[in-house]
Structure formats: structure tokens, C-alpha cells
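Below you'll find the structure, written out as C-alpha cells, and then a few comments.
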Amino acid sequence: MLDYFQILCGIAIVLLSLYYYFASAFNVWKNLNIPGPTPSLIFGNMKNSIKRKCAVSEDLKAWYDKYKHEPLFGLYIRSQPLLIVNDLDLIKDILIKDFSLFADRGLPVFPKVEPLGEHLFVLKPEKWRPIRMRLSPVFTSGKLKEMFPLIVECGNHLKKYLEIIVARNEPVDCRDLTAKYTTDVIGSCAFGIDMNSLSDEDNEFRRMSKKILSPSLKQSTRDFCRQFLPRLYTLFGHWLQNTEEDKFFTKVIVDTIKYRKENNVTRLDFVNLLIDIKEHPEKLENIEATDSLLTAQALLFFIAGFETSSATISHALYELAQHHDIQDKLRNEIRETSAKLGHVVTYEHLKEMKYLDKVFKETLRKYPALGMLMREVLENYTFRGTKITIPKGTNIWIPVYGIQMDPNIYPKPEIFDPHRFDEAAEAARHPMSFLPFGDGPRNCIGARFAHLQSKVGLITILRDYKVDVCEKTRIPYKMEERSFLITLKGGVPLKITKIEDSTS
């Protein structure tokens, strides 16, 4: 009898200890006088996204809608405190004015466990600054103009591929279609490699990138351990890595660098910058330019470059398929510009197409690739105009999706309306109300490149083809719950038909 009593006492002590641990953890925002919802013991405030009932961006938006009249509020992901900043002036302070105090994204880095994990998106400030500085030259306006003919060439490949798949008279998954196109663009412009994603159904690059991005139990386990069990992950995380994919991309980059050096090949592209870094490691300020570090930057550019732009193009097509008036107006602009400047797309074409730019921006407003921006404060910080001081190490999220779908900022936000980005309308809004690429020194390094390849893709498709919804098109929109990026669940199947009066 005594044994049972001791066991029950032991269980009670464990349960009380756990309760005290979580209860004390949940006092962070209360102690700082920061408002926020009451967390649940196991899930904190993100129960729905943790249980995969909705996407993280939707979960965060729901809380934003309830607390958007507060300048900031506190949440918990399980027991981890997370500060959400709503006030647009405070967001500007974080991203721009006081950037030096918020240069860290607050994401964990495990260089010994993840060979290709030290990339620009997650790097700590001391490594991020010199690497960003070395990689930035490839994204200047001058360099992008030099790359532009390569993007147009990939657009021509897309046009030929469209002729083949449209002839089948079947719905087309535009997410997969545009991912093949952007894979070819990134391969050609960044690495000087002909990916052949459009012509080769079994393309190895597409296969590997799909494996990296496809939601899986292994990926979910890895993400959970990285965030909540970092010590355990440091010991056993190597079992959860994408070993085949890592080896493949490392070999591609190492072999490409070796070939160029041995054959004295020079191209003004991403790989050439990596070669320069490898040959002049002193430019990285005592950071060792290992094959893994260089490959990590190339892999990030490749994955982010094709994934986010393909999502943007397919989201634009998804909306245009439902709004033929907007689609027709955009097509007329494309054709009028072609008649004026020539059928071969040039840099000047894009500058001329003002309505295309508005459609592109409205797509990014409604469907930003990332629903939030992440930062970590590097020292104790008092928010301007408040009495709130947060301690060093506080994790911060800026709710981009919530802000860009706020009816107080964008009336009737669920309606797709490119005229929101008329010059006068843009000027009347706070600059921090539109953040699809972030802002400040740690904004998306490839934002301008994304503009170019996305617009060329849209021009190529819409000039000679019409997009329509079909019986497989998911309406209303439903986010993929397992994806950290904002994507439509089940792909973007649409009907694409050739316009018979095409002037091509």
C-alpha cells in the first residue's frame, strides 16, 4: 500500500513541477504589462497551427485581428514567449531606424548538425553582414539588366512548353508549371546551368527541390526539435537531415566552381561571387569559406528564388482566372507594349507596364510568401513613445499577413484590386503597411530579381493564353496547413487555352 502511495506522490510532484514550470513561463508578458490572450498549458496560443488545423499565418492573423488596436501584444508558442508588434511606426523602428538592435532573426543555427544550414536567412549578425555584403553585387540594377536576356530565354522555353501542355486540353497545375519555369531561370541566371525543368519531366533539380520542400513527418519532427529541444537536436539532429539532397547540391556547386576555375570560365553570376569569396577569404572577416557555407548560400538562393516567385506567379494566375476584367486589361497592356516596343521582352517593357506592376503588388499583398517577419532584440529595448521595455533576447514577429489583410488599411481586403497600388493610394498609406519582401538592411536580397522573373513569366503566359478556373480549382482559397509559406492547398489547377487571335 505504501508503494502505491509513494508512486502517487511522485506523480503528483512531477505534475505540480510541470504546472509550476509552465505557469511561471506564462508570466512573461504579465510581468512586463503587455496585453495578450491567456495561453493553454500545452500549446500556448498557437494550438490551431501546432495541431495543423490551420497555417501559422492564419493563426497569427486571427490573434492580430483581436489585438490590432494594441501597439503590441504577447503570445506563446507552447511555453516560448513571442512579442507581436502591430504599430507601423514601431515596426519602422525595428526594421530601419533601430535595425542594429534587431539585426538577428532569432532563428536557431546548428552548423555541426545541419551542413547547409548556415545560409543568409538565418545567420547571426556577425556572419550575416560580411556575407550579405559579398553577395549583394549580383543583385544590382546593372547586373540584373545583364541577366535579363537569360530570363527572357527561359520565358521562351516556357512558351514552347505551354503549347505542348495546352494541346492536351486538360487542367494545368500552375504552381508546378511556374516552379519549372523559375527553376530554369535560377539555374541559368545564378549558376550558369541549364536545368531543363520544362523539357525534362524527371529533372533531378526539380526532384531534389520537391523533396526539400514537401511537408513530411521527418520535416515536422526536425522543426519541432530545432525549436523546442535544441540540446537534444544538437546530439541527434543529424538523423533528421536531407542527406541525399545536401550531397546533391554540394556536389553541383563544388563541381561547377572546379570546372570554371580549371577552364577559366567567368560569368557575372552567383557562382562567380562564390568563387571570389573562396579565393579571397579575407573578405569574410575571418569566417572560413567552407564548401558547406558557400553551398548553403547557393541553395538558399535556388530554393527561395524559384519557390517564392512560382508561388507569386501562380497566385496571380489564380486571381486573374477569377477576374477576367483584370486579366483582359493586363493582356491589353502587354500587347500594346509589345506593339510599341517589340515582341521580344526587354527591361524597358517592364518599366512601361504600370498595370502589370499593380497586379504583381496586389498579388503580394494578398499572398505574401511569408506571413510574418522575425527578429530578436540584441539588448534591452524601450519602445518609442511607450513605457514598455523588453529584455535582450526577446523574440519578435511582425504580422505581415495580418497587416496586409487589415480592412482598416486595405478596405475589403479579400477583394483582388490592383488599383490599391495607384500612385496616390500608395502614397496615402504608411510604408510599413506593405512588407512582402521585408524592409531595411535585412530585407530580401533577391527582391528585384523576383520582380523580373515573375513579370516575365506572367507576360509570357498572358500575352497568348487565357486562364480560367476549372472544376479542380479550390475556391474559396484554403492555405496549406503544413507549409510555413503561404500556398494554396492542393496546388493551383487552372484551365489554360490559346487565344486564337494571338498576334504572336
Side-chain angles (χ1 to χ4, degrees), residues 8-54 56-87 89-91 93-94 98 101-109 124 223-234 371-403:
L8 289 172
C9 286
I11 293 173
I13 290 170
V14 170
L15 291 175
L16 284 171
S17 298
L18 287 172
Y19 176 81
Y20 178 77
Y21 170 77
F22 280 106
S24 60
F26 290 150
N27 282 331
V28 173
W29 304 130
K30 183 179 179 181
N31 293 338
L32 291 173
N33 254 342
I34 294 175
T38 302
S40 67
L41 194 61
I42 303 299
F43 299 103
N45 301 114
M46 304 293 280
K47 178 180 178 180
N48 290 330
S49 53
I50 290 173
K51 297 181 74 172
R52 297 292 189 261
K53 289 184 177 181
C54 70
V56 175
S57 296
E58 291 177 301
D59 212 355
L60 181 59
K61 179 184 177 298
W63 289 121
Y64 169 84
D65 290 342
K66 290 183 179 181
Y67 287 88
K68 65 181 181 182
H69 300 296
E70 300 284 351
L72 35 77
F73 66 98
L75 294 179
Y76 296 88
I77 300 181
R78 296 189 189 272
S79 62
Q80 187 177 88
L82 185 65
L83 184 65
I84 314 301
V85 180
N86 299 329
D87 184 273
D89 289 326
L90 297 184
I91 290 173
D93 288 348
I94 291 170
D98 295 328
L101 302 178
F102 297 92
D104 196 331
R105 290 194 192 274
L107 295 169
V109 182
K124 299 301 177 185
D223 293 344
F224 176 84
C225 292
R226 290 176 90 257
Q227 185 172 7
F228 299 107
L229 302 170
R231 292 184 181 178
L232 192 65
Y233 187 70
T234 301
M372 73 291 294
L373 300 176
M374 294 158 280
R375 294 292 187 269
E376 179 182 311
V377 66
L378 298 175
E379 60 181 59
N380 294 351
Y381 180 82
T382 301
F383 287 100
R384 181 164 53 99
T386 77
K387 295 181 180 180
I388 297 173
T389 299
I390 55 173
K392 174 183 177 181
T394 299
N395 284 308
I396 294 168
W397 279 10
I398 295 168
V400 173
Y401 182 60
I403 291 169

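For the single chain, residues carry numbers from 1 onward in sequence order. In this text the structure is predicted, and so the values were computed from the model without any measurement.
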At what distance, to the nearest 0.5 angstrom, does [atom1] of [X] lie from [atom2] of [Y]?
X      : Y      : atom1 : atom2 : answer
Arg384 : Asp89  : CZ    : CG    : 5.5 Å
Ile403 : Lys68  : CD1   : NZ    : 11.0 Å
Leu83  : Phe73  : CG    : CZ    : 9.0 Å
Lys124 : Glu376 : NZ    : CD    : 5.5 Å
Arg105 : Arg375 : CZ    : CZ    : 5.0 Å

Minimum heavy-atom distance between [X] and [Y], given as atom pair plus value:
X      : Y      : answer
Tyr67  : Pro37  : OH-N, 3.1 Å
Phe26  : Gly44  : CZ-CA, 4.4 Å
Asn45  : Pro39  : ND2-CA, 3.3 Å
Ser79  : Pro81  : O-CD, 3.4 Å
Ser57  : Gly371 : OG-CA, 3.3 Å
Ala103 : Leu378 : N-CD1, 4.2 Å

Plane angle bin for Phe102 and Tyr381 - parallel if under 30°, tilted between 30 and 60°, otherwise perpendicular: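 Aromatic pair Tyr381/Phe102 classed perpendicular.
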Flag the pair [X] / [Y] as yes when at least one side-chain heavy-atom distance between them is below 4.5 Å, and no otherwise.
X      : Y     : answer
Met372 : Val56 : yes
Phe383 : Asp98 : no
Trp29  : Leu75 : no

Would you please name every residue forming a side chain to side chain donor-acceptor pair (under 3.5 Å) with Asn86, sequence neighbours left out?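 So Asn86 forms no side chain to side chain donor-acceptor pair (under 3.5 Å) with any residue.
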Is a side-chain donor or acceptor of Tyr64 paired with a backbone partner of Tyr401 at a separation under 3.5 angstrom?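 Between the backbone of Tyr401 and the side chain of Tyr64 there is no qualifying donor-acceptor contact (under 3.5 Å).
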Counting only heavy atoms from other residues, nucleotides and ligands, does the tally under 6.0 Å from NZ of Lys47 exceed 12?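 No, not enclosed.
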Which donor-acceptor pairs under 3.5 Å do the side chains of residues 389-399 make with protein atoms, sequence neighbours left out?
| unit_1 | atom_1 | unit_2 | atom_2 | d |
| --- | --- | --- | --- | --- |
| Thr389 | OG1 | Thr382 | OG1 | 2.6 |
| Thr394 | OG1 | Pro391 | O | 2.7 |

